Trainee: 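I am attaching a structure below and will ask some questions about it afterwards.
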2 protein chains.
Amino acid sequence: MRLSKRGEYGLRAMLMLATPAVDGRTPIIQIREISEREKIPGKFLEQILLALKNAGVLHSKMGVGGGYYLARPASEIILGQIIRVLDGPIAPIKCVSQMAYEACGCPDEETCGLRLIMFDVRAAMSAILDETSLEDVTKRVDAKRALLGR
Amino acid sequence: MRLSKRGEYGLRAMLMLATPAVDGRTPIIQIREISEREKIPGKFLEQILLALKNAGVLHSKMGVGGGYYLARPASEIILGQIIRVLDGPIAPIKCVSQMAYEACGCPDEETCGLRLIMFDVRAAMSAILDETSLEDVTKRVDAKRALLGR
DNA sequence: TCAAAAGTCTATACAATCTGTAGACTTTAT
DNA sequence: ATAAAGTCTACAGATTGTATAGACTTTTGA
């Protein structure tokens, strides 16, 4: 039931790109800087960001002063999208996946106990991951920081 | 975010062992029969059941008329226990695991956005998996079967 | 115009985990 | 004694996860 390193690194990078700069806008940042600040292997991060770009959640600019930036406002990018791009379906078992359903081969899916439960688990995960935007997260972090005085 | 085949097969087998026989009691069943009925590779299932036995949730009897059976009433065996034995911690990321916590290396765990979210995800999963017993599942299956008339 | 800074793309390597198989062994009932 | 069952260890093959390499393209600005 684990998030892969790809997913983890990708989410961390997206979160960094979603954190407003001093001017209040979402920044443009180079692979190199993300990699150093978050201690992510640079070449690995490169692939991850590229995948996110090809999926349409990031844009990039080549050349001097270039880098990656969010394709849309942070309030419109949902965690579930990011995870699906990098790690595939969220469902614990294929037969309860909404996005990538596949039969599991049990005699009667309607009365399969495992499926009944995993359906609920998927729903619970989705209720969080498909309802939370990058902005929701950065705001929560801000709130917590203020609370702790850091 | 996937349950492994080990976990899946193990849960299916446990569910089968938790389904009361005609006398209303929890049955004793041979590896072979479980393997055939659930279409699980026999030798693979053998390892899985052995692990569950060593973890104390199953008992076994050798020799003629032997087989596996639940170590406790189905109402006292929780899905989360089974999954942890076969698949390890439930948490999507180590730094939010209750049973197997490990630092993830971010500068400040208290204000790590990823951690904030994954903590909620873990809690949501745990709320289901650590609160549902094998009996809860078999009863739900019965209810659904009755509803559908099968 | 050209050099440096940045991203793009494909291939590949290595390790870990997952899934499954093999076989020799022990225990128990009849 | 024999057959039916579980026990235990090793290992093999495939897949996935993690990471590195290197050659390429685009852009800026000196």
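Values in this document were obtained by computation on a predicted structure and should not be read as measured data. So that the names make sense, note that chain A is the first sequence line, chain B the second, and so on, each numbered from 1. Heavy-atom basis, side chains included; hydrogens, waters and symmetry copies ignored.
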Trainee: Given atom CE of A:M62 and atom C1' of C:dT8, what is their separation to the nearest angstrom?
Mentor: 5 Å
Trainee: Considering just the side-chain nitrogens and oxygens of A:S60, establish if one lies under 4.0 Å of OP1 or OP2 belonging to C:dA6.
Mentor: no
Trainee: Taking only the side-chain nitrogens and oxygens of B:K53, find out if one of them lies under 4.0 Å from OP1 or OP2 of D:dG6.
Mentor: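 So the side chain of B:K53 is outside the cut-off, no N or O lying under 4.0 Å from OP1 or OP2 of D:dG6.
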Trainee: Provide, to the nearest angstrom, the distance between the CD1 atom belonging to A:I40 and the P atom belonging to D:dT20.
Mentor: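 Answer to the nearest Å: 13 Å.
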Trainee: Can A:L79 and A:E131 be said to form a side chain to side chain contact (heavy atoms under 4.5 Å, CB included), step by step?
Mentor: CA-CA 8 Å; A:L79 302 186; A:E131 299 295 334; over 6 Å; no
Trainee: A:G42 near the nucleic acid: base, sugar-phosphate alone, or nothing, with a heavy-atom cut-off under 4.0 Å?
Mentor: nothing
Trainee: Would you say B:Y9 places a side-chain N or O within less than 4.0 Å of OP1 or OP2 belonging to C:dG20?
Mentor: yes
Trainee: Can you name the closest pair of heavy atoms from A:C104 and B:R12 and give their distance?
Mentor: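 Closest pair (atom of A:C104, atom of B:R12, distance): SG-NH2, 3.7 Å.
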Trainee: Taking OP1 and OP2 of C:dG20, is either one under 4.0 Å from a side-chain nitrogen or oxygen of B:K5?
Mentor: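 No, B:K5 has no side-chain N/O under 4.0 Å of OP1/OP2 on C:dG20.
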Trainee: How would you label the contact of A:L49 with the nucleic acid (heavy atoms, under 4.0 Å): base, sugar-phosphate, or nothing?
Mentor: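 It contacts nothing in the nucleic acid.
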Trainee: Atom CD1 of A:I29 to atom P of C:dA6: distance rounded to whole Å?
Mentor: 13 Å
Trainee: Think B:S4 has a side-chain N or O under 4.0 angstrom from the OP1 or OP2 of C:dT19?
Mentor: yes
Trainee: Does the pair B:D108/A:K144 count as a salt bridge with the N-to-O cut at 4.0 Å?
Mentor: no
Trainee: Could you check whether the side chain of B:Q47 and the base of C:dT21 have a donor-acceptor pair of N or O atoms closer than 3.5 Å, going by distance alone?
Mentor: yes
Trainee: Rounded to whole Å, please give me the gap between CG in A:L45 and C1' in C:dG7.
Mentor: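 Atom-to-atom, A:L45 to C:dG7, this comes out as 12 Å.
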